[in-house]
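Okay, structure first, notes after.
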Amino acid sequence: MRGRIRLVAAVCWGVMVGLGCGGSDEKPPPAGPQATLPQAPSLVIAVPGDGQVTLTWDARGDGGSALLDYAVHVYSGEAEVRVVTVPASESRAVITELANGTAYAFSVVARNARGRSAASPRSDHVVPHVTPGAVQNLVAVPSDQRVTLSWDAADDKGMPLDSYFVTPFIDSQEGEAVRVPATEREWTFHSMTNGAAVRFVVVAFNGHARGPEASVEATPFTTPGVPVVTAVIDSRRIHLSWSLEDTGGNPITTYRVTVYLGDEVIRTVETSAMTALVEGLQNAVTYHFTVEAANAAGWGGVSERIAAMPTRSPSMPLNAMCQGGDGWISFSWEPPEFDYGHPVIEYRIESVVGGRYREWFTTDLSYHLTDIPNDGESLDFFISARSAVGFGSSADLRCWTQPERP
């Protein structure tokens, strides 16, 4: 009896398990997918700064389990020097306390509940660095077709400077930059155009970053060219004027006129104008004159000597007299008191006779007119002397004819 009971129980259990035996005939749900390790981050980009690097990366799949954090591995050369943990909510990190001037590379590992991902590809090597300061006391000294620059060293901010870059700008056009070693703080630009302003920009460079710009402007120049002089002769004075095409690229500050008598310098005159009136000279004496110009560079070339003789036309004839008769008038006079170094060549008598201007010439000190109207009216006559310079002032006479009485 007890054995029969066991048999029935066994059969019923088998039916319940295999056929349901009064229970549900549904199958149990299949088991869900298993979580895996996260995928390795990608696109790791490093941007250097002062003693630090800013790192960014792209997150990949989390393997079906929420990420817990990231591990940033820091390498110097091939050696790992540090691991920095970053929260899973971030895909960016600032890695500090790095040595300026040392190259670093970085890789990133993600972690979830199952474990760590493979390491990302390493970033490019980057070098943390400072930005140097600006150069100080930048000075430009212009001269003939050149400009010499000098400056005091820039603050290296604790990272040795490598060099300085010096760049000229002409009419806003950037010229070719020159790299000057950090041990030097001077540079000369040659073959420049006199009179053309140039702006120079100097920056410090530590091999990784350039500092702020320092700039200065300068205009190369030289001494002026040679003036071209002309002279206008006057009594006891000379009017000089000149032109100057070449200022040397710098404004003219003064002109110097030198007056010679023979080889002796008898006077110098300085002026800012391009004309000069040299007075107090002797008539009929030959003088020579030169002109030179000066700018900030100094005195330029001396002009060719130009000769001039102060002079004037003769003074009026002395003691001029006239006497009239029946249709005639006779004149007489004495030579001028001053011929100013030029002998009298001839004399001229002028008048208006019969409504018409007439003139007569003679080399004598008298003249007899025979074709004067015999009307007893007064006539005005003007007698002047001529030298190589020209006619001088006239002696004025009023004369009459005297008809014969019947």
Side-chain angles (χ1 to χ4, degrees), residues 16-18 20 23-134 154-163 165 179 182 203-213:
M16 289 178 63
V17 172
S24 173
D25 59 358
E26 294 182 1
K27 296 181 180 180
Q34 296 295 316
T36 62
L37 295 176
Q39 292 180 288
S42 64
L43 295 176
V44 180
I45 298 175
V47 178
D50 181 4
Q52 64 184 33
V53 168
T54 299
L55 204 66
T56 60
W57 58 88
D58 284 354
R60 305 291 295 281
D62 60 8
S65 178
L67 295 181
L68 299 177
D69 55 35
Y70 294 100
V72 176
H73 295 257
V74 183
Y75 297 89
S76 177
E78 293 301 319
E80 182 177 284
V81 295
R82 191 188 317 172
V83 178
V84 178
T85 301
V86 180
S89 59
E90 299 290 336
S91 59
R92 176 183 180 276
V94 177
I95 312 302
T96 60
E97 299 181 4
L98 300 177
N100 284 329
T102 299
Y104 295 91
F106 305 85
S107 68
V108 182
V109 175
R111 184 174 70 92
N112 64 11
R114 291 296 303 273
R116 299 181 181 276
S117 72
S120 70
R122 290 189 188 183
S123 70
D124 291 336
H125 280 84
V126 294
V127 180
H129 57 265
V130 296
T131 298
D155 183 358
D156 63 13
K157 304 293 183 68
M159 187 174 183
L161 295 178
D162 172 83
S163 54
F165 284 96
R179 190 168 183 172
V203 296
F205 180 61
N206 60 15
H208 304 282
R210 299 190 185 198
E213 293 183 352

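Between Pro48 and Val127, every side-chain heavy-atom pair lies at or beyond the 4.5 Å cut-off. Within the 4.5 Å cutoff, no side-chain heavy atoms of Tyr70 are placed close to those of Leu55.
Taking every heavy atom of both residues into account, Asn112 and Ala66 meet most closely at CB-O, 3.4 Å. Of all heavy-atom pairs between Pro121 and Val44, the closest is O-CG2, 4.0 Å. Smallest separation of non-hydrogen atoms from His129 and Ala209: CD2-CB, 3.6 Å. Annotation for Trp57 and Arg92: closest pair CH2-N, 3.7 Å, computed over non-hydrogen atoms. Closest heavy-atom contact between Asp156 and Pro160: OD2-CA, 4.2 Å. Taking both residues in full, the closest heavy atoms of Lys157 and Pro132 are given as CG-CA, 4.1 Å, listed atom of the first, atom of the second, then distance.
The distance from the CG atom of Asp155 to the OG1 atom of Thr131 is 11.5 Å, given to the nearest 0.5 Å. Between the CG atom in Leu67 and the OG atom in Ser91 there is a gap of 11.0 Å [rounded to 0.5 Å]. If you take CZ on Arg82 and CD1 on Ile95, they are separated by 7.0 Å, rounding to the nearest 0.5 Å. Atom OG1 in Thr56 sits 12.0 Å away from atom CD in Glu90 (nearest 0.5 Å). Between the OG atom in Ser65 and the CZ atom in Arg111 there is a gap of 10.0 Å [rounded to 0.5 Å]. Atoms OG1 and CG, from Thr96 and Asp50 in turn, are 11.5 Å apart once rounded to the nearest 0.5 Å.
Here the side chain of Tyr104 pairs no donor or acceptor atom with the backbone of Gln52 at under 3.5 angstrom. Of the possible polar contacts, none joining the Asp62 side chain to the Pro38 backbone as a donor-acceptor pair under 3.5 Å is found.
Environment of CD in Glu213: sparse, with no more than 12 heavy atoms of neighbouring residues, nucleotides or ligands closer than 6.0 Å.
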Working for side-chain contact (heavy atoms from CB on, under 4.5 Å), residues Ser120 and Ser42: CA-CA 6 Å; Ser120 70; Ser42 64; 6.0 Å; no

side-chain contact (heavy atoms from CB on, under 4.5 Å) evaluation trace for Leu37 with Ser117: CA-CA 6 Å; Leu37 295 176; Ser117 72; 5.7 Å; no

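Cation-pi contact between Arg122 and Tyr75: present, with separation from the ring centre below 6.0 Å and deviation from the ring axis of at most 45°.
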